[in-house]
Protein chains: 2
Amino acid sequence: MSREAPTFSPLYRQIKALILQALESGEWRPGQAIPSEQELAARFSVSQGTVRKAIDEMAAENLLVRKQGKGTYVASHNDPRALFRFLRLVPIDGDLSHPQSVPLDCWRAKAGQEASRMLGIELGAPIIIVRRLLKFATRPVVIDEIYLSGEIFHGLTSEVLQGWNGSLYSLFETRFGLRMIRAQERIRAVAADRNASEALKVAEGTPLLSVERVTYTYGDRPVEWRRGLYSTAEHFYLNELN
Amino acid sequence: MSREAPTFSPLYRQIKALILQALESGEWRPGQAIPSEQELAARFSVSQGTVRKAIDEMAAENLLVRKQGKGTYVASHNDPRALFRFLRLVPIDGDLSHPQSVPLDCWRAKAGQEASRMLGIELGAPIIIVRRLLKFATRPVVIDEIYLSGEIFHGLTSEVLQGWNGSLYSLFETRFGLRMIRAQERIRAVAADRNASEALKVAEGTPLLSVERVTYTYGDRPVEWRRGLYSTAEHFYLNELN
DNA sequence: TAGTGGTCTAGACCACGAC
DNA sequence: TCGTGGTCTAGACCACTAT
């Protein structure tokens, strides 16, 4: 294991990159356990402590989940704990109910300027657009327009969406092998237009949160761009600053 | 060093608590270096590795800052890098300019229901209310109303605010010895009322972000509650989801 | 050159979960 | 009882900063 990388990178980071690579290649699937620290140490010819430090960082990044006495697992969006990782919307009256995703529409198009820039694909490349509603206890709260690369999400149709009973990201993970790692949201305040007011059942002109999200998979590759309008009549966007 | 705490807590966490305590007591002041890992290890009669793990966690929590070859320093809001830690507002046109805080008003009052709940003080306890404007390059972008416990911020006046040339939190830190550790923000969309429209120079009814923030010091003690209205005409609220 | 944090190792023991 | 991750130690060496 060379330590003389062009810009010096400690051994544990090289190990981290190797584990990441195995993860990316699908050697271990979401929800499954990865080999024990001892096994990995032997495989990479380093000490257990070095593997541990690599895994520590990956656990901090929500890529892996440690379970004492059992093993280390590949994080999965199927895990119910992952549900609110990217959804920062909370009912004002503490009532933390399960959101429900209602697909409204799904069609194919060609990437415009914005979509191509956000998704890092060519202008005119095939994309898929999904419109969906997010409900908390029968009440519509978010209307989303989601832009996906047609290449990656080949085979995504209304039927697939209808038939899925969970979060979108868990669908992406199981159906397309795409793991969402991190996201960036840009939030502004806008007035509800006709469409939004009908979908969210609020008066036209009602102030709404406009939330633009770009979601990244391994290697900081953007794979999803979505524009959401959030009704904050009975919910707020909760953010922890550390 | 007992390891048989009621609910088991590893040694490095006990060390962390001790360091935290020294920090809180003011033994080392913001911006100053704390003793070397070896010295702390000797002082607490543990190995350097154990101290290191404690410090690692505190560095991850932005309480300490490590500088290789030099030492470990107490984090400070005077550090320019801390400026955008709690301010997630970014110009739409990349132009990352320095915000300027303009105090408008500062008066004494008694805590109402909301303020007393948010600040964890008694109903009717003395509080100080600050109104201030945040400008980016002469343009007003945020109007804030800030609620502070009169006990803690005894001596805070308009004059003190006027005479300070930096962030509020850096004032709090140097003048009142209060270190802001973490915060929680609740964001909603609202329409600009008369006051806000005048302060932010937008039309009445313009959608604005309403950002309510509770800020905590050591021991998760809430010490500041603020309500801000953000104009998102030329800025957006940026949030990283990990 | 001296002192600091950063990395790496090897081994011992503890806590937890499953069998 | 066994295997896993979690903690703790002690020592060696590397990288950065200052003098």
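In what follows, every chain begins at residue 1, and chains take the letters A, B, ... in the order their sequences are listed. Predicted, not measured: the structure shown is a model, and the values here were computed from it.
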Short question: side chain of B:Glu37, backbone of B:Arg52 - any donor-acceptor pair under 3.5 Å?
-> no
Measure the distance from OH on B:Tyr12 to C1' on D:dG6 and round it to the nearest whole Å.
-> 8 Å
With distance as the sole test, does A:Arg132 use its side chain to make a donor-acceptor pair with the main-chain N or O of A:Cys106 at under 3.5 Å?
-> no
From CG of A:Leu11 across to P of D:dC13 the rounded distance in Å is 17 Å
B:Phe44 CZ to D:dT9 P, straight-line distance once rounded to whole Å = 13 Å
Below 6.0 angstrom between ring centroids: does that apply to A:His235 and A:Phe136?
-> yes
Just jot down the side-chain contact (heavy atoms from CB on, under 4.5 Å) partners of B:Pro80, sequence neighbours excluded, or say none.
-> none
Expected output: side-chain B:Glu234 to main-chain B:Ile92 donor-acceptor under 3.5 Å = no
Does A:Trp225 offer a backbone N or O that forms a donor-acceptor pair with the side chain of A:Arg213 under 3.5 Å?
-> no
Hey, what are the protein-to-nucleotides 17-19 of chain C N/O distances that come in under 3.5 Å?
from: C:dA18; atom 1: OP1; to: A:Lys70; atom 2: NZ; distance (Å): 3.4

Sorted by chain and residue number, the side-chain contact (heavy atoms from CB on, under 4.5 Å) partners of B:Glu24 (sequence neighbours excluded) come out as B:Tyr218
Nearest-angstrom distance from the residue atom CZ of B:Phe8 to C1' of D:dC8 | 10 Å
Near DNA chain C, which residues from residues 22-42 of chain A have a heavy atom under 4.0 Å away?
-> none
B:Arg182 side chain reached by A:Glu240 side chain, heavy atoms, under 4.5 Å | yes
Listed in order of residue number, which residues of residues 47-66 of chain A have a non-hydrogen atom at under 4.0 Å from DNA chain D?
-> A:Arg52, A:Arg66
Donor-acceptor contact present, side-chain A:Arg29 to main-chain A:Thr174, <3.5 Å = no
State which residues pass side-chain contact (heavy atoms from CB on, under 4.5 Å) with A:Tyr73; sequence neighbours excluded, sorted by chain then number.
-> A:Ala33, A:Lys67, A:Lys70
